[in-house]
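The first residue in the sequence is number 1, and the count goes up from there.
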Amino acid sequence: MAEASVRPAVLADVEEIARIQRDTWRTAYRDLLPAEVLAGLDPVDAVRELVEQGTATVHVATEGEWTVGFCVVGPAPDSEVAEADGTLPADADTTGLVATLLVEPRWGRRGHGGRLLAAAAETLRNGGATRGVSWVPEADRASLGFYRSVGWETDGVVRTLDAGGRPLREARVTGPVDLKLINS
């Protein structure tokens, strides 16, 4: 395996990040999302805004000269950490959000997801977070298994999104932000 690392995204990464999201969703979520939603996916502007404005931190995973994955991390809005009944947990102010974590399937099982989550956890810790949350489609067993392998578990809160007229149920996963990457 070529040298692998994670670094903060720069504007030159925007097109590649958008391509990774588009291609990965079209592969991983083709059975979960309507074809027209996947066909119309064009995240370039949203990714550019995130990188330019810095409202969240975007990290990219690389292997050799290739960008192979990315994650978006930042403070968690109350709506992301609220319990099913709408109440906020005691640690709501110190809970961060991993909004997206994607590795292209062809680069999977090479440690990139772990490196990205470790970088996300470090970003959250540096921002004062003690816990992180993320949302994963309930049918995405690979992602749920990945989070479970690093000590993040579903907490019983689910939400249903409108995915182009088709309901998409997501489970919230949560875990500590004291993750450390071994053999980076």
Side-chain angles (χ1 to χ4, degrees), residues 1-29 41-77 80-81 94-137 140-153 170 172-184:
M1 182 166 93
E3 184 176 327
S5 64
V6 171
R7 61 171 173 74
V10 296
L11 280 175
D13 295 316
V14 167
E15 295 287 335
E16 192 63 6
I17 292 168
R19 184 200 61 75
I20 289 168
Q21 182 172 7
R22 196 172 40 249
D23 292 355
T24 300
W25 276 35
R26 286 177 181 166
T27 299
Y29 298 145
L41 185 64
D42 186 12
V44 172
D45 290 338
V47 172
R48 182 175 288 109
E49 184 176 319
L50 282 172
V51 174
E52 282 180 339
Q53 293 184 358
T55 53
T57 301
V58 182
H59 297 284
V60 293
T62 61
E63 185 171 322
E65 65 187 70
W66 303 100
T67 300
V68 300
F70 74 98
C71 70
V72 178
V73 61
E80 302 288 344
V81 297
T94 59
T95 301
L97 174 66
V98 178
T100 304
L101 192 157
L102 291 174
V103 174
E104 271 192 277
R106 65 187 174 128
W107 295 98
R109 306 232 178 253
R110 298 167 74 105
H112 300 300
R115 281 186 284 280
L116 283 166
L117 189 57
E122 180 178 18
T123 297
L124 292 175
R125 279 193 314 274
N126 290 343
T130 58
R131 176 171 72 98
V133 296
S134 191
W135 292 89
V136 178
D140 184 350
R141 297 293 173 211
S143 293
L144 289 170
F146 163 73
Y147 279 107
R148 197 171 304 111
S149 75
V150 296
W152 286 36
E153 296 289 340
E170 290 185 319
R172 186 171 66 193
V173 294
T174 185
V177 296
D178 62 352
L179 302 173
K180 302 287 189 253
L181 179 61
I182 301 171
N183 297 329
S184 60

Colleague: Sub-3.5 Å donor-acceptor pair from the side chain of R131 to the main-chain atoms of T95, do we have one?
Modeller: no

Colleague: Begin with the C-alpha distance, continue with both residues' side-chain angles, and end with the deciding distance and a verdict on side chain to side chain contact (heavy atoms under 4.5 Å, CB included) for E122 and V6.
Modeller: CA-CA 12 Å; E122 180 178 18; V6 171; over 6 Å; no

Colleague: Could you check V10, L11, I17 and say which one makes a side-chain contact (heavy atoms from CB on, under 4.5 Å) with V14?
Modeller: L11

Colleague: Show me, pair by pair, the donor-acceptor contacts under 3.5 angstrom made by side chains of residues 49-61, not counting sequence neighbours?
Modeller:
{"unit_1": "H59", "atom_1": "NE2", "unit_2": "T123", "atom_2": "OG1", "d": "2.9"}

Colleague: Of all the heavy-atom pairs spanning V73 and A120, show the shortest one and how long it is.
Modeller: CG2-O, 3.8 Å

Colleague: Considering non-hydrogen atoms only, spot the tightest contact between G69 and I20 and give its length.
Modeller: N-CD1, 3.7 Å

Colleague: Is there a donor-acceptor pair closer than 3.5 Å between any side-chain N or O of R106 and the backbone N or O of V68?
Modeller: no

Colleague: Carefully, step by step, assess Y147 and V98 under the rule side chain to side chain contact (heavy atoms under 4.5 Å, CB included).
Modeller: CA-CA 11 Å; Y147 279 107; V98 178; 3.9 Å; yes

Colleague: Going from CG on L102 to CZ on F70, what distance comes out if it is rounded to the nearest 0.5 angstrom?
Modeller: 4.5 Å

Colleague: Main chain of G132, side chain of T174: is a donor-acceptor contact present, judged purely on distance under 3.5 Å?
Modeller: yes

Colleague: Taking only residues two or more places apart in sequence or in another chain, which ones pass ring-ring contact (aromatic ring centres under 6.0 Å, His included) with W25?
Modeller: Y29

Colleague: Testing the basics here: between A129 and G96, what is the closest heavy-atom pair and its distance to 0.1 Å?
Modeller: CB-N, 4.0 Å

Colleague: With side-chain hydrogen bond (donor to acceptor under 3.5 Å, both in side chains) as the test, pick out the partner of E104 among Q21, H112, R19.
Modeller: R19

Colleague: Show your reasoning for whether side chain to side chain contact (heavy atoms under 4.5 Å, CB included) applies to W135 and E80.
Modeller: CA-CA 9 Å; W135 292 89; E80 302 288 344; 2.6 Å; yes

Colleague: What are the two closest non-hydrogen atoms of R125 and D178, and how far apart are they?
Modeller: NH1-CA, 3.8 Å

Colleague: Can you measure from CG (L124) to CG (L117) and round to the nearest 0.5 angstrom?
Modeller: 9.0 Å

Colleague: Give, for atom CD of E16 and atom CG of D23, the distance between the pair rounded to the nearest 0.5 Å.
Modeller: 8.5 Å

Colleague: State, to 0.1 Å, how close A76 and V81 come at their nearest heavy-atom pair, and which atoms those are.
Modeller: CB-CG1, 3.6 Å

Colleague: What closest approach, in Å, do G113 and V103 show between heavy atoms, and which atom pair accounts for it?
Modeller: N-CG2, 3.7 Å

Colleague: Can you tell whether the side chains of R115 and E63 come within less than 4.0 Å, N to carboxylate O?
Modeller: no

Colleague: So, W152 side chain and P176 main chain: donor-acceptor pair closer than 3.5 Å or not?
Modeller: yes

